[in-house]
Structure formats: structure tokens, C-alpha cells
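One is the number of the first residue; the rest follow in order along the sequence. Nothing here was measured: the structure is a model prediction, and the numbers come from that model.
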Amino acid sequence: AQVPELRVAARTSSFKFKNKNEDIREIAAMLGVAMVLEGSVQRQGERVRITVQLIRAEDGSHIWSKVYDDTLDDIFRVQDEIASGVAEALLGSSAMADSRSVAETGIEFKGLGGTSNVAAYDAFLKGQEALSEGTPDGVNKALVLLQLAVELDPEFARAWVELSRASHGSASIGNEIWQTAQKEALHAAEKARALEPQMASAQVAYAYAVRLSGIDSEQFSDAILKANELEPNNAEALVALAELRATQRKYREALLLTEKAILINPLDTDLNIDLAYNKMNVGLVEESLSGISRVAREQPEDLAVQADLARLNAMAGNRFEAIKLNQQMLEDNPNMLRALFPTAWQHLYLSDVEAADQYLKRIELLAPMRAFDDRFYFCRLTGDPVCIEEFGKRYLELLREGDSQERTERFEAEYALAMGNPERSIELLEPKLEEDFVFFSEGSNDFDFFTLAIAYNQKGEKEKRDNILAIAEARVNESLANGLWPKMAADDQVMIAAISGDAGLTARRMALAIDIDARLSVIMIDSHKAFD
């Protein structure tokens, strides 16, 4: 994959054919490749025999083959030899327009971030397999195994990368407190990057950990750009670049990058989910739902996939279908927070406040430390001032104990506004106007702009309010020009009009949003003041 002339199908796609007796030509067609590397491993005691053959898919002919006999102690050296031998055969084959030797590439065919500890490697592989299950039990097993791998070899960078991914999974699929999971994920990613700064996956892991920890967007973008510079044909790095472009409101470019990554890794579950989201962002609704439905059928036990299927249906406006899908998951997994949270909110969007409240209460019993912010927003929507104060204060204390300053200040600005203290909101958010003011959110939502604009409005500073709203409007228009589905921008357009106090424009935009069935979120609007 380090050779620019070669496009190598990624491990997660090629491993789909493990232990399956598929025809080489069919495998090549599904992976979109011209050649297939096939092999077998036999082990006897501490000795191992690896048979490798490179096959031309078009006619099944062997381009190159070799048998390696060695001991397990030297297994990683053998891996490097195989990589070099395969590259030499490919670079010198007739399939390459400008053939050259391995020496001429200047690339050292050595697996970055590996280990010489067989037990650590074994734990790493088992941890990867457990993580791929996409279940709470799988995540928990993966955390134990990957922690063992890095304890056995603290310099095993690839294991640190997977440990960072598993830590994220412990919050999104499991019941871990989000702030704790963020810290653990960032720690593991920092270890991986310090050990192997030239390894693209370490840079990507760091980028994701930075984003979810609320650290500034510059570190996020720098790590992703570095990953793509190191390995331009790395599917994971391309998808991360697509996410960066989406945060920059470049939605068509994000979709194209994801499609490029799919060519490299066509059967990877996570990649196909990313593709579904990017298609939804630009309004390719049927293609998005068709793609995620196919993945969900192929991976019925993967709860993360089922949760994404429900979420994408909700984004498309299929709220009853989203509720049904989440409730199906809850039948077998009654404590699954990733299904409970969206079910509560979908009921709220359907004006079923009582049902939404019941689901939030279930969440609070299971994981009270993860429910403070949701209860705060629920109370804002239902207008309970005592509840707003209580849960806003609790969530702010939680953030101060374990989250980034950036995320803490953003929520404090919202809380201050809800408590009738616009001065504090302005104090926290006004300095950010000098920054890029890019935060990671779905669609084009710029809640920080709205919080600040409402604060200025409450202070009677109309000119400053209008300047902020003009920036927000320009960002929405930029998003639409770059392919964002209009339904995804309707929320913001209504809020801009409402905060400006233009009743006619607000009414027209609300009517349009209702016509296209947009998800109208009034979380950030103190509605009786905004619409007066």
C-alpha cells in the first residue's frame, strides 16, 4: 500500500473470504483487483511453514510463489520478506506500465508499529476480532485483550491504535462514561503516534481522539492531512479526510473521497456506513438507506450497524421506522444506551413527551452520569426551569472534572444563557470569533453562533446579533452550494430567522421546513422571546 502505483484492497475486505472456497476470479471482481495473493500457514511446535502465491485473476496463472520455513521467533521478519517479495513481483510484472524494482521505490517493506512479542501479537489479533463484533460484550473483550497486548509490549503501536478505537466503542456501544472513554482513547492514540509518527493509522486514531475530546480543530485536520501524506492509498486515511471535508462544509468532496476509499476497501462495514452518511448529507436518500440496509442484513449481530440504520432513517425523516428499529434492538438488548437515547429523542420530536421522559428515566437508572446533558436539553424543550438549573449544573460539573476546556466552555455558554445570564455566554464565546469557529457537528449546525446571537439579542446589541447571524447564514449557504441536502439546513435557516426577530421570514422558513419534513430543533431558542 506504500507504493503509489499499486492499489491494495484493505485487510478488512480481503479477510471476508477467509475459510471460504470462493473462485479467485470472483474474489478479484468483488475486491476490484487484478491480482490476488493467496497462502496458507502450517505450524508444528515452534516452527512455521508459510506458502505464498501471487495469482493473476484474469486467467488464474501464477506470477510468483514461495515457501517460507522458519521459527515463530522470526515470524515478523518473514512477514517483511513476504511483503518485499510480493512488491518485487508486482512492480516487475507486465501489469505495471512503468516497472521498477523495490530498491528504486526507496520504501522499506517493514510493518510499522509491530511487535516481536508473539503473545502480544496474539492478544492484538483476538482484540481486533472481538472489536469487529460491534457488540457491548465484544468491546469489553477487546479492551481486555488490547490492554494485555500493550502491557506485554508497551512499544506495540498498532495495539495502541486499536485500544484507542476500542475505548471509543466503550462509550458509543457500551455503558462507559463518555468523558472517561475520551481520555482513554486520547491517551492510547497519543502513545501510538509518539511510537510511530510515520504510521497513517496512528495519525488517524489521534485525529478521531482529538475530535471526540473537543480539542481544537487544527490538531484534528493536521493529523488527517499527515496520514494522507504518509499513505495516500490508505482507505482509513481517506475516510478521515472525508470527515474533515464534511466539517469544512465540503459535502460533495467528502462523498467523492469516501467512494475512493470504498474502491480500496469495498467490503469494510465501517466504510460502507460512512458512505451511507455521506450520501444522506447530499440528499441521496434512497442510495443511503439501501446501502446501510444491505450492511445491516449482512451483519445482523452488529449492534453498531443496526443503530446506524435507525439513525439514518431518522435523518431521512422516517421517524416511526427509526423508533421501530431501536425498539427491536432493545428487545434483545434492553440496556443498550445507543438505542435508548435516540428512541427518547424521536418520541420527543413526535411530541410524545411522556414516552420520551420514560426512556430518559430508563437511561438515568442505567447510566446517570451519561444522562445529565440529555435531561438538560429535554427540560429546555419542555420548559421546566428547576430541571434546567439542576441538570445543567450537574452536567457542567461533570465536564469540568473530566472534559476539555473547549467543550466545557461551549456548554457553560449554553447553560448561562438558559439561566438568564447572557453576559457570561458572551464572555465565553466572543473570543472564539477570532478563531475559525469550526466545530464538529451533523449537517451545518452552528449552535455556538446561535447561542452568541441570542445572548447579544437579550442584551439588546442588535448590530452584533445581526453580524453573527450574517456569518451563520453565509455558512449555511456555503454548505448548500457544496452539496448539503436542503432538508439538513432547514433547522438552521429557521433559527436564524427566529433569532433575527423577522416574523414573516420565520413563518415562511418554518412552512418550508414542515413541507420537506425537516427535523425542527428549538433546543437553542428561548422560544417565547425569540418569536415574540
Side-chain angles (χ1 to χ4, degrees), residues 207 211 214 216-222 224-225 228 238-260 274-285 288 315-316 406 410 413 429-457 463-500 502 505-506 508-510 512-513 515-525:
R211 180 188 65 181
D216 70 85
S217 58
E218 187 174 346
Q219 291 184 51
F220 172 72
S221 60
D222 286 351
I224 287 174
L225 294 173
N228 280 272
L238 285 166
V239 163
L241 183 57
E243 291 196 32
L244 173 61
R245 295 300 178 237
T247 67
Q248 296 168 336
R249 299 177 294 283
K250 298 176 180 178
Y251 298 99
R252 292 194 192 94
E253 186 179 345
L255 177 57
L256 290 172
L257 284 163
T258 311
E259 289 175 333
K260 183 178 178 181
D274 288 328
L275 182 63
Y277 276 108
N278 279 300
K279 285 184 174 181
M280 185 67 71
N281 282 340
V282 300
L284 297 174
V285 179
S288 172
M315 290 171 68
E406 186 71 50
R410 291 176 64 200
L429 292 179
E430 200 169 46
K432 299 185 188 302
L433 289 177
E434 300 171 6
E435 305 167 13
D436 187 30
F437 220 155
V438 172
F439 296 110
F440 312 108
S441 58
E442 181 184 297
S444 65
N445 292 317
D446 283 316
F447 288 143
D448 303 278
F449 281 104
F450 300 144
T451 302
L452 187 55
I454 294 169
Y456 283 140
N457 192 53
E463 184 177 349
K464 288 185 176 180
R465 176 203 67 188
D466 291 342
N467 287 340
I468 292 292
L469 292 178
I471 297 171
E473 185 88 46
R475 286 160 70 96
V476 172
N477 290 335
E478 181 186 354
S479 297
L480 292 168
N482 285 322
L484 183 69
W485 186 22
K487 184 171 182 172
M488 303 281 262
D491 231 21
D492 288 358
Q493 291 172 320
V494 169
M495 292 172 77
I496 290 167
I499 298 166
S500 73
D502 188 330
L505 180 61
T506 304
R508 290 192 298 275
R509 288 186 172 181
M510 286 188 75
L512 176 62
D515 285 344
I516 62 176
D517 192 28
R519 184 197 74 184
L520 284 176
S521 165
V522 292
I523 288 171
M524 290 304 302
I525 298 180

Exercise for review: Kindly say whether A497 contributes a backbone atom to a donor-acceptor pair with the side chain of T506 at under 3.5 angstrom?
Suggested key: yes
Revision key, fill the gap. Distance col, row Q493:CD vs L512:CG, nearest 0.5 angstrom, shows 7.0 Å
Check your understanding: From I454 CD1 over to I468 CD1, what is the distance, rounded to the nearest 0.5 angstrom?
Key -> 12.0 Å
Exercise for review: Please test R249 against N482 for side-chain hydrogen bond (donor to acceptor under 3.5 Å, both in side chains), starting from the C-alpha separation and ending with a verdict.
Suggested key: CA-CA 7 Å; R249 299 177 294 283; N482 285 322; over 6 Å; no
Study note, to complete from the structure: K464 meets the salt bridge (Lys or Arg N to Asp or Glu O under 4.0 Å) criterion, sequence neighbours left out, with E430, E461
Study note, to complete from the structure: Between F450 and A472, the two heavy atoms sitting closest are CE2-CB, 4.0 Å
Exercise for review: Could you tell me the separation between the OH atom of Y456 and the CG atom of L469, rounded to the nearest 0.5 Å?
Suggested key: 11.0 Å
Revision key, fill the gap. Between the OG1 atom in T258 and the CG atom in L241, the distance rounded to the nearest 0.5 Å is 9.0 Å
Point to revise | Non-hydrogen atoms of R252 and V282 that approach each other most closely | key: N-CG1, 4.3 Å
**Study point:** Side-chain heavy-atom pair M488, M315 within 4.5 angstrom cut-off
**Key:** yes
Exercise for review: Give the minimum heavy-atom separation between F220 and A207, together with the two atoms involved.
Suggested key: CD1-O, 3.2 Å
**Study point:** Point-to-point distance, once rounded to the nearest 0.5 Å, from OH of Y251 to CE of M280
**Key:** 14.5 Å
Review point. Looking only at heavy atoms, which two atoms of P486 and L480 are closest? And how far apart?
Key: CA-CD2, 3.8 Å
Exercise for review: Rounded to the nearest 0.5 Å, what's the gap from CG on L257 to CD on E243? Could you check?
Suggested key: 11.0 Å
Point to revise | Closest contact, heavy atoms only, A316 versus V285 | key: CB-CG1, 3.8 Å
Review point. Quick one: salt bridge (Lys or Arg N to Asp or Glu O under 4.0 Å) partners of R509, sequence neighbours excluded?
Key: E473
**Study point:** Closest non-hydrogen atom pair, K279 against S288
**Key:** CB-CB, 4.0 Å
